[in-house]
There are 4 protein chains.
Amino acid sequence: MNDKKRLILDTAIKCFANKGYHATSIQEIADTAGIAKGSLYFYFKSKEHLLISIFEHGFTEFMTKMQAIAGDSDIEPRERLIRLTEVQFEQFVENHDFIMMLFKEHALHINEDMKQFLFGLRAQTIETYRSHILAIYGEEARPYMLDGASLFSGLNHEYSQYVLFAPESLDFRKLAEFLADRLDDVMFSMIAKRPEPILSEAKIEQFAEKAKMFSFKKARTVYDEISLLRKLIEGLQLESAQREDLLSSIQVLEAEFDKPNPQKVIVKGMLAVLKSCKEKEIRQVLQHIEAYL
Amino acid sequence: MNDKKRLILDTAIKCFANKGYHATSIQEIADTAGIAKGSLYFYFKSKEHLLISIFEHGFTEFMTKMQAIAGDSDIEPRERLIRLTEVQFEQFVENHDFIMMLFKEHALHINEDMKQFLFGLRAQTIETYRSHILAIYGEEARPYMLDGASLFSGLNHEYSQYVLFAPESLDFRKLAEFLADRLDDVMFSMIAKRPEPILSEAKIEQFAEKAKMFSFKKARTVYDEISLLRKLIEGLQLESAQREDLLSSIQVLEAEFDKPNPQKVIVKGMLAVLKSCKEKEIRQVLQHIEAYL
Amino acid sequence: MNDKKRLILDTAIKCFANKGYHATSIQEIADTAGIAKGSLYFYFKSKEHLLISIFEHGFTEFMTKMQAIAGDSDIEPRERLIRLTEVQFEQFVENHDFIMMLFKEHALHINEDMKQFLFGLRAQTIETYRSHILAIYGEEARPYMLDGASLFSGLNHEYSQYVLFAPESLDFRKLAEFLADRLDDVMFSMIAKRPEPILSEAKIEQFAEKAKMFSFKKARTVYDEISLLRKLIEGLQLESAQREDLLSSIQVLEAEFDKPNPQKVIVKGMLAVLKSCKEKEIRQVLQHIEAYL
Amino acid sequence: MNDKKRLILDTAIKCFANKGYHATSIQEIADTAGIAKGSLYFYFKSKEHLLISIFEHGFTEFMTKMQAIAGDSDIEPRERLIRLTEVQFEQFVENHDFIMMLFKEHALHINEDMKQFLFGLRAQTIETYRSHILAIYGEEARPYMLDGASLFSGLNHEYSQYVLFAPESLDFRKLAEFLADRLDDVMFSMIAKRPEPILSEAKIEQFAEKAKMFSFKKARTVYDEISLLRKLIEGLQLESAQREDLLSSIQVLEAEFDKPNPQKVIVKGMLAVLKSCKEKEIRQVLQHIEAYL
DNA sequence: AATGAATGAGAATTCATTCAT
DNA sequence: CATGAATGAATTCTCATTCAT
């Protein structure tokens, strides 16, 4: 990577970490980096793409080291988990600003891709912990592997904050061992006492489902929404050409939702057509319908 | 509280929870609430104050219930912690959008007050857990009370996500008990094995210090500001023509402020000239000087 | 129409007439109208839409008067053509700036709709002249109706320039009569001497075809365009979610065009989805496909 | 001419013909030509000059052939006009993109020279036609030579469009003859019927005058400018605070210019204050004053 | 109380032009 | 000659806030 590009990237990370993505202007990044605003656009085609680049670089750098350890089967599982945690903390320090940025704006849903990516990341973390737990504690631990993974993730996340704010006062190796010991504590206890687990594959799945299609609400059925929409549009004063367009898209929409497997694209497309109406109320209804996707 | 005000507040919470504070426009809130943009300003004097109001209401609602339990000494400590956790989850569901908003934009540092407030909140949570730990596990647990509090906080936070996204599939009482059991696991283990604690009062203090003072300002006089300005400008690499322009406007500025009745126009004019410097720091100083008018 | 909206519209027409669409900035329009830049956006959602509004209003105003005359069968055909021409000149003066704008930037192909509209306009003019010629000169003139219409259009266009720049020195009635006399001259001559006509339905059609799909590198069928689109999108680096969306909309698009009566809305909708790609080349292909509607 | 220069020129013509001058970026031309943006500036000192070069080359190429014919007194006048027209059409095909560009953006008034040039071109065309008409139809045609020239120009222009869009389907010789025949029709008719002419030398002159001076400036002294400024500002409806600000800056301005060595900074500053007025006229005056620095 | 038109500062982005290599 | 990185002014557009009604 180009020096200047790197400079911009690093500066942007710092700025985003300080004030958040939205509160940081391109001008600010350029000023801080000591370059002209236009130059930034030579390297990154938009603010959004700058953020995406940050993520790409941040994670590849971060992940390569992590995965080298995670995949090293020479190391015994418990030690591997400890090393993983230790290296994670080291990486936190090394990529302090990047991680800080993530901590600050937990959900940087700039676009759908980003959302999917961040969501997938979390899923992967839990997955890694789960497999380590199975490897460390054996088949007996299977019912608790998801709870164990979540518990460890929680502990990890909590101490990460201390790592981020005052890294010099912590011995990462010791901290990782400490956390592994605590995982031992809860795992051995659960294996011994056999409480009912909280999390199951099904629940995690359910959670994933929900989290993904968030920002959606329902209150009315799609059909209610669609017929409300029709009424609203009929009430507008429109050119006959536009009116016809809108009403036929509503028809298509209805037909699509009637099918056993409505095609997402068609719904999206019709909504896009309907979005040519700027009416407040209509927009709202469209958002609601969008939520059914 | 007025109905309309409540409506705006709830709508805003929902919007902020969906898209984040910065990505939500006042227009959007007004539209969603079905009121005029101007009306919003009748109830809240700015977007910032709207957010602050959200926090005030969100937390008072949230905290009153929590504190009723936390302070009820009739309940035995362990049970109290469980109830506290349970009620917390219930509150998460009840104030779903508000909590979602907090989760999404972890650090809403709109202004210094907000920052202090959010920071204090975290401190208070840890404090509550700590005192409960001491009460539950006795003096032996004292060296581990901070680690215990942090561990519990981490577990809590992790499962909170499941609570937020799929509350209907979780039994909060059972979950709270489960988490208390896990706290038992780690506390008893630590008390038994006496490992070296990770956190100490001193370290927490140090962390607090670091986290708090990330940005700060100090009051200066106009003359301080002006001389700071001169230094900054002298430090810049400029064309001699521009440099001269800038330095002479500083001179005029100083001379003007020295007069018994500085002419506002001249000050304004000189500031306008100086604004040709796009440097962030200089801009800031100019803003400060502008404030003296 | 709102006063302020009208003011903005009129000002914009004037500015566009003076310097052309591209060379006129929004700031300039706002300044000239004596309003704030933001206000303009309250009434028109973009510069492009401002232009579209100008066209809509300009033409409806213009056309209503023209069509009242064109459709008045009480008036004898030759007199009707004269009156049409006369009123056209009067309208040129009344809507001076608007017409000036059209003269200046002959092809304001801001978007495909605009292009189609302007093109249709010309077709309609020729059509009007043609029917008048048939009515005036009878069946004998049929072989020359297209040439006649073009000749008259040419004469008309040429003298329109004088009308626009120095209307006060011209008597529109006399000018219209003069032009009608000249049409007589050429029509009678052609009817008498029966030269080979230059234009035929087929040639006009051919011309229309060419002119419409201009800016196209080569004429392709919809299917070619769609498969080109697929290739382009497959070549992009996209998140799997978006990629899937795009590819399935292409599939729907193909399926729709395969049907005997493709539904316009569905095509529009799919195009709307595909427009999320901002790539220049893709955009172009989308415009081409749009043209098939 | 250098190969590379020719390449750039041709590419630019093509781009300008496709999208218009303003809508085409230098980057686009460079990309299409397959050269670096900077290289373009080696051959042409600006986008404007590139356009001017296009015109120069386009017209010299175009005109040399035309003028060879126009000036060939061996050819009998009517035949000369036909040949002229024929060659014109041939040239249209040969320089298709260049002509297309002219048709698209009818008035490329990039600067005053360009305007004069394009205007002169039109005048010259009319002049050529006029002299041919006199030569063909004799002194009797004198009263109608201007109308005849305009009529022929109109016919010519109209059919040029067909030539541009579908050249392959037209026989240029036949078309030219056809148009000459139509000129015969109208000229003989006018000579016979002696209608009142529409155009006269005086009117053409008047038209030229009007068309030429659409924008103009005249030099004033600083003091004139300043007092104009004061009048303009006094004519504005302003808050008393702002009004005072502005008027006092005008006073300072006047005082400063009265001094033997006006301080540049102060002038600049005052102008900056005055720029808070967004009025177009005021802005203009400010620019003029700025020029005195 | 409520509205929505109006504002203008500031945001992202584009682009002609320059310049060191 | 050629390049492409760098610039910064200008442009379109957004949005929190104000204000007359």
Side-chain angles (χ1 to χ4, degrees), chain A residues 2-5 8 22-31 33-50 280, chain B residues 2-5 8 22-31 33-50 275-276 278 283, chain C residues 2-5 8 22-31 33-50 278, chain D residues 2-5 8 22-31 33-50 276 278:
Chain A
N2 189 314
D3 270 5
K4 185 71 65 79
K5 194 167 182 180
I8 296 172
H22 289 287
T24 304
S25 74
I26 290 285
Q27 184 62 253
E28 211 167 337
I29 297 170
D31 286 353
I35 59 160
K37 199 167 28 165
S39 306
L40 203 149
Y41 282 88
F42 183 79
Y43 293 98
F44 303 94
K45 74 175 198 182
S46 71
K47 195 183 177 189
E48 188 178 327
H49 277 79
L50 174 55
K280 210 164 81 181
Chain B
N2 188 315
D3 269 6
K4 185 72 67 79
K5 194 167 181 180
I8 295 172
H22 288 287
T24 303
S25 73
I26 290 285
Q27 184 67 69
E28 210 166 340
I29 298 170
D31 285 354
I35 59 160
K37 196 163 40 163
S39 307
L40 203 149
Y41 281 86
F42 180 79
Y43 295 100
F44 302 94
K45 74 174 204 181
S46 73
K47 194 184 179 187
E48 188 177 328
H49 278 79
L50 175 55
K275 269 178 192 157
S276 67
K278 308 294 181 193
R283 292 242 145 183
Chain C
N2 191 313
D3 270 6
K4 185 69 67 75
K5 195 167 181 181
I8 295 172
H22 289 289
T24 303
S25 75
I26 290 284
Q27 186 61 256
E28 210 167 338
I29 298 169
D31 285 354
I35 59 160
K37 199 169 29 168
S39 307
L40 203 150
Y41 282 89
F42 183 78
Y43 292 99
F44 303 94
K45 73 173 202 182
S46 72
K47 195 184 177 188
E48 187 179 329
H49 277 78
L50 175 55
K278 309 293 182 197
Chain D
N2 188 316
D3 269 4
K4 186 74 67 78
K5 194 168 182 180
I8 295 172
H22 290 287
T24 303
S25 72
I26 290 285
Q27 184 67 70
E28 212 167 338
I29 298 169
D31 286 354
I35 58 160
K37 198 162 40 163
S39 308
L40 202 150
Y41 281 86
F42 179 78
Y43 295 99
F44 303 94
K45 75 175 203 183
S46 71
K47 194 186 178 186
E48 189 178 326
H49 279 79
L50 175 55
S276 67
K278 308 293 179 193

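We name chains A, B, ... by the order of the sequence lines, and we start the count at 1 in each one.
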Expressed in angstrom and rounded to an integer, what is the separation of [X] atom [atom1] from [N] atom [atom2]?
{"X": "Ile35(D)", "N": "dT3(F)", "atom1": "CD1", "atom2": "C1'", "answer": "10 Å"}
{"X": "Lys5(B)", "N": "dA1(E)", "atom1": "NZ", "atom2": "C1'", "answer": "14 Å"}
{"X": "Phe44(B)", "N": "dA1(E)", "atom1": "CZ", "atom2": "C1'", "answer": "14 Å"}
{"X": "Asn2(A)", "N": "dG4(F)", "atom1": "CG", "atom2": "P", "answer": "13 Å"}
{"X": "Leu50(A)", "N": "dT13(E)", "atom1": "CG", "atom2": "C1'", "answer": "14 Å"}
{"X": "Asp31(B)", "N": "dT3(E)", "atom1": "CG", "atom2": "C1'", "answer": "13 Å"}
{"X": "Ile8(B)", "N": "dA2(E)", "atom1": "CD1", "atom2": "C1'", "answer": "10 Å"}

*Flag side-chain contact, heavy atom, 4.5 Å: Tyr43(D) against Leu50(D)*: no

_Consecutive-pair stems (3 or more, Watson-Crick or G-U, under 3.5 Å) for DNA chain F_ = E:2-21 with F:2-21

_Thr24(A) backbone acceptor or donor facing Lys47(A) side chain under 3.5 Å_ = yes

What is the distance from atom [atom1] of [X] to atom [atom2] of [Y], rounded to the nearest 0.5 Å?
{"X": "Ile35(B)", "Y": "Ile8(B)", "atom1": "CD1", "atom2": "CD1", "result": "3.5 Å"}
{"X": "Ser25(A)", "Y": "Lys37(A)", "atom1": "OG", "atom2": "NZ", "result": "8.0 Å"}
{"X": "Leu40(C)", "Y": "Ser46(C)", "atom1": "CG", "atom2": "OG", "result": "10.0 Å"}

*When every nucleotide of nucleotides 16-21 of chain E is labelled 5' to 3' by its protein contacts under 4.0 Å (heavy atoms), B for base, S for sugar-phosphate only, - for none, what sequence of letters results?*
BBB---

*Where do Ala36(A) and Ala30(A) come nearest, in terms of heavy atoms and distance?*
C-CB, 4.0 Å

_Exercise: identify the closest heavy-atom pair between Glu28(C) and Ala23(C)_ = OE1-O, 4.0 Å

_Cationic tip of Lys5(D) above Phe44(D) ring, under 6.0 Å, 45° of axis_ = yes

_If you assign Leu40(B) and Tyr43(C) each to the DNA chain E nucleotide with the nearest heavy atom, which residue ends up on the more 5' nucleotide?_
Leu40(B)

*Ignoring backbone atoms, establish whether Ser39(D) has a side-chain N or O less than 4.0 Å from OP1 or OP2 of dC1(F).*
no

